Student: 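This is the structure, below, for whatever I ask next.
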Amino acid sequence: MICTYSRCLLIPFVKCSSSVSGPVRLLSYLTTLMMALHGKVALVTGAAQGLGKGFSEILLQNGAKVALLDVNEKGGKVLKAAFDKEYGPDRTLLLTCTVESEEQLKDAFQKTVDTFGGLDIVCNNAGIVNENNWEKCVSINLNGVVRGTYLALQHMKKENGGRGGVIVNVSSLAGLGPLLTAPIYTATKHGVVGFSRAMADASSVCDYGVRINMLCPSFADTSLLTCLTSDETAGQFISLRGVAEKMKDQFGVLEVSVVAENFLKLVTDESRNGEALMVQMQGASYVTFPKMSA
Ligand SMILES: NC(=O)C1=CN([C@@H]2O[C@H](COP(=O)(O)OP(=O)(O)OC[C@H]3O[C@@H](n4cnc5c(N)ncnc54)[C@H](O)[C@@H]3O)[C@@H](O)[C@H]2O)C=CC1
Ligand SMILES: CCCCCC(=O)/C=C/C=C\C=C\C=C\[C@@H](O)[C@@H](O)CCCC(=O)O
């Protein structure tokens, strides 16, 4: 069966299951060799489901090898088995870890480099919504992105012998404007934008050879959306449940594949550094931030 991911791949992609004959396997191998990200090594946090799974899949479909990092070991194993069947066992590495732990994340980055020989693409995607346990929300959504960015630079920046590359930090539309039903979540996502823009400027001035960009999607069709109306995660703002639901209806809900296609733009467009890509139902656009007077 031939499935062409025409909007993303530069060339037709041949889906190849284990039962397919030699010639098709050879075609699949040759196709992989010709893909935009062939030979590249990527690392995605929060890869086991949702947007992280979509980002990992589109990286694989474009020829990259991908380290799948997630705190959910069971979900990670299910995804790894599916990717092994689709792309072969050598294209992915599953590493169970929490982005809240410096030790675990540092070990996961090192195992990725030891296994695949380098690191070119990092997606700091892991995130939660929890207005109740807001310290945990900050720890994962902001501290985790800072930790993942710093560890990525340790391995990627050219002054350390790295190959350069690109870091995509996942923010949200709530990183560009207030989401009144989730002020802590909003703060973390604004923090991701501010931190990433400053790091992109630092990387440019210091010539790290690493681009750092932000992905700012609107509501997307993942399990995270249950947090909008959950007593456990909405906390004191559960009274705004109706407002959240109305906003979701107004903004609409994106398909994961649409967010993933726009993620790929940030990875492959080497002209982009320090830029935020908004992804909404009506389309995607780069944010124009206010210029400060000198
Ligand atoms: N779904 C949406 O409407 C939108 C989501 N986002 C952001 O996209 C990112 C991914 O969210 P979704 O895929 O929607 O959520 P999801 O809940 O479907 O997936 C999140 C993944 O991150 C993992 N994770 C959670 N805490 C972790 C930790 N401490 N360490 C490692 N992995 C951890 C989970 O196990 C899960 O696999 C988040 O940063 C979220 O804020 C941004 C805009 C819209
Ligand atoms: C709390 C659940 C978060 C789920 C995941 C997520 O990040 C979703 C974000 C989606 C949209 C956020 C929109 C924020 C809009 C505000 O900044 C405000 O501008 C909207 C005001 C209404 C308007 O249309 O102007």
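Because the structure is predicted, anything quoted here is derived from the model rather than measured. In listed order, ligands and their atoms are each counted from 1. All values below were derived from every heavy atom in this structure, side-chain atoms included, with hydrogens, water molecules and symmetry-related copies excluded.
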Student: Measure across Thr188 and Val138 and return the closest heavy-atom pair with its distance rounded to 0.1 Å.
Tutor: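 Closest heavy-atom pair between Thr188 and Val138: CG2-CA, 3.8 Å.
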Student: Would you say the side chains of Asn169 and Thr149 form a donor-acceptor pair under 3.5 Å?
Tutor: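 Per modelled atom types, Asn169 and Thr149 side chains form a pair under 3.5 Å.
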Student: Under 3.5 Å, side chain of Ser56 to main-chain N/O of Gly52, donor-acceptor pair present?
Tutor: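 At least one qualifying donor-acceptor pair exists.
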Student: Ignoring hydrogens and geometry, is there a side-chain-to-backbone donor-acceptor pair from Thr45 to Ala126 under 3.5 Å?
Tutor: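 Yes.
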Student: Which pairs of N or O atoms, one from ligand 2 and one from the protein, are separated by less than 3.5 Å, and what is the distance for each pair?
Tutor:
from: ligand 2; atom 1: 7 (O); to: Ser172; atom 2: OG; distance (Å): 2.6
from: ligand 2; atom 1: 7 (O); to: Tyr185; atom 2: OH; distance (Å): 2.6
from: ligand 2; atom 1: 17 (O); to: Gly177; atom 2: O; distance (Å): 3.3
from: ligand 2; atom 1: 17 (O); to: Pro178; atom 2: N; distance (Å): 3.2
from: ligand 2; atom 1: 17 (O); to: Pro178; atom 2: O; distance (Å): 3.1

Student: Taking the six-membered ring for Trp, are Tyr150 and Phe195 closer than 6.0 Å centroid to centroid?
Tutor: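 Between Tyr150 and Phe195, the centre distance is under 6.0 Å.
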Student: Quick one: list whatever passes side chain to side chain contact (heavy atoms under 4.5 Å, CB included) with Val129, sequence neighbours left out.
Tutor: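 Val129: side chain to side chain contact (heavy atoms under 4.5 Å, CB included) contacts with Tyr185, Leu224, Cys227.
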Student: Write down the atom of Val192, the atom of Val170, and the distance for their closest heavy-atom approach.
Tutor: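 Where Val192 meets Val170 most closely, the heavy atoms are CG1-O, 4.1 Å.
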Student: With distance as the sole criterion, is a donor-acceptor pair present between the side chains of Gln104 and Thr98 under 3.5 Å?
Tutor: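 Thr98 and Gln104 do not have a side-chain donor-acceptor pair below 3.5 Å.
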Student: For ligand 1, find each of its N or O atoms that sits under 3.5 Å from a protein N or O atom, and tabulate the pairs with distances to one decimal place.
Tutor:
from: ligand 1; atom 1: 1 (N); to: Ala220; atom 2: O; distance (Å): 3.4
from: ligand 1; atom 1: 1 (N); to: Thr222; atom 2: OG1; distance (Å): 3.0
from: ligand 1; atom 1: 3 (O); to: Ala220; atom 2: N; distance (Å): 2.7
from: ligand 1; atom 1: 13 (O); to: Leu51; atom 2: N; distance (Å): 2.8
from: ligand 1; atom 1: 14 (O); to: Thr222; atom 2: OG1; distance (Å): 2.5
from: ligand 1; atom 1: 18 (O); to: Gln49; atom 2: NE2; distance (Å): 3.0
from: ligand 1; atom 1: 18 (O); to: Ser223; atom 2: OG; distance (Å): 3.3
from: ligand 1; atom 1: 29 (N); to: Thr98; atom 2: OG1; distance (Å): 3.0
from: ligand 1; atom 1: 30 (N); to: Val99; atom 2: N; distance (Å): 3.0
from: ligand 1; atom 1: 32 (N); to: Val71; atom 2: N; distance (Å): 3.4
from: ligand 1; atom 1: 35 (O); to: Asp70; atom 2: OD1; distance (Å): 2.6
from: ligand 1; atom 1: 37 (O); to: Asp70; atom 2: OD2; distance (Å): 2.6
from: ligand 1; atom 1: 39 (O); to: Asn125; atom 2: O; distance (Å): 2.7
from: ligand 1; atom 1: 39 (O); to: Lys189; atom 2: NZ; distance (Å): 2.9
from: ligand 1; atom 1: 41 (O); to: Tyr185; atom 2: OH; distance (Å): 2.7
from: ligand 1; atom 1: 41 (O); to: Lys189; atom 2: NZ; distance (Å): 3.0

Student: Filter on salt bridge (charged side-chain N to carboxylate O under 4.0 Å, His left out), then keep only pairs touching residues 114-123, sequence neighbours left out; what's left?
Tutor: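 Checked against salt bridge (charged side-chain N to carboxylate O under 4.0 Å, His left out) - neighbours excluded - the pairs reaching residues 114-123 are Asp120-Arg163.
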